[in-house]
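The next block holds one structure in the form of structure tokens; read it before the comments.
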Amino acid sequence: MPQLTKLLLEHKELSLSARYSVRIDRTIVIEPLRQLTEDTFKRVLDNLESIHTIGIENAEDSSVEKYVGPFHFSRVNGILIFKPAS
């Protein structure tokens with residue numbers, strides 16, 4: 001599973017170490033390598049109902065993969081899930 005160093009949501013940048021995968025239905029699953037605090041989620045994600053652009057900086061080659069949404073966000077057991085809105 002590839003690793004990321006930065007997650008770009010809209011115009012906000014979140015530095016974190018995590019593994020990620022992009023499923024065939026364009027669902028993006030991010031598993032942080034260490035637990036993120038509730039303050040981090042509130043600061044970055046709680047004020048967004050949907051996310052229109054997601055950028056993922058790959059840890060291995062520093063390239064940025066961009067995904068255009070809109071995406072709906074959820075968190076399950078510390079794992080971040082961005083599902084495409086239908």
Side-chain angles (χ1 to χ4, degrees):
M1 197 182 271
Q3 292 193 1
L4 65 92
T5 55
K6 287 185 186 170
L7 180 63
L8 309 162
L9 302 171
E10 302 291 337
H11 301 291
K12 297 183 180 194
E13 183 177 299
L14 181 62
S15 293
L16 73 138
S17 293
R19 292 184 294 229
Y20 74 97
S21 65
V22 180
R23 298 185 178 160
I24 196 160
D25 67 350
R26 293 183 2 153
T27 297
I28 301 169
V29 178
I30 298 174
E31 181 183 348
L33 297 177
R34 68 172 215 263
Q35 192 72 15
L36 297 176
T37 65
E38 286 298 317
D39 288 342
T40 301
F41 288 112
K42 288 180 182 175
R43 180 175 41 91
V44 176
L45 299 170
D46 280 351
N47 60 354
L48 299 173
E49 284 186 25
S50 66
I51 299 163
H52 296 283
T53 57
I54 297 175
I56 296 175
E57 185 174 298
N58 193 311
E60 288 142 17
D61 61 7
S62 297
S63 64
V64 176
E65 299 174 35
K66 294 203 180 219
Y67 300 94
V68 178
F71 294 93
H72 293 293
F73 165 76
S74 65
R75 181 173 56 136
V76 179
N77 297 325
I79 295 173
L80 311 176
I81 301 170
F82 299 93
K83 272 194 148 200
S86 298

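Position 1 is the first residue of the sequence, and the numbers go up from there. No hydrogens, no waters, no symmetry mates; every other heavy atom, side chains included, goes into these values.
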| said: Could you walk me through whether I54 and L9 satisfy the side-chain contact (heavy atoms from CB on, under 4.5 Å) test, starting with their C-alpha distance in whole Å, then the side-chain angles of each, then the deciding distance to 0.1 Å, before giving a yes or no? | reply: CA-CA 5 Å; I54 297 175; L9 302 171; 3.9 Å; yes
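Residues A18 and P32 approach most closely at CB-CA, 3.6 Å, considering heavy atoms. Across every non-hydrogen atom of H72 and A85, the tightest pair is NE2-CB, 3.3 Å.
For L33, the side-chain contact (heavy atoms from CB on, under 4.5 Å) partners at least two apart in sequence or on another chain are Q3, S17, R19. With sequence neighbours excluded, the residues satisfying salt bridge (charged side-chain N to carboxylate O under 4.0 Å, His left out) with K6 are E13. For T5, the side-chain hydrogen bond (donor to acceptor under 3.5 Å, both in side chains) criterion is met by E57, not counting sequence neighbours. For the side-chain hydrogen bond (donor to acceptor under 3.5 Å, both in side chains) test, residues two or more places apart in sequence or in another chain that qualify with D25 are T27.
Among L4, N58, I28, the single residue meeting the side-chain contact (heavy atoms from CB on, under 4.5 Å) criterion with E65 is N58.
R26 contributes a side-chain N or O that, together with a main-chain N or O of V68, makes up a donor-acceptor pair within less than 3.5 Å.
Here V64 is tied into one hydrophobic group with L8, each link being a pair of ILVMFWY side chains closer than 4.5 Å.
We find the CG-CZ distance between L7 and F82 to be 5.5 Å, quoted to the nearest 0.5 Å. Atom CG of L14 is separated from atom CG of L80 by 8.0 Å, given to the nearest 0.5 angstrom. Atoms CZ and CD1, from F73 and I30 in turn, are 9.0 Å apart once rounded to the nearest 0.5 Å.
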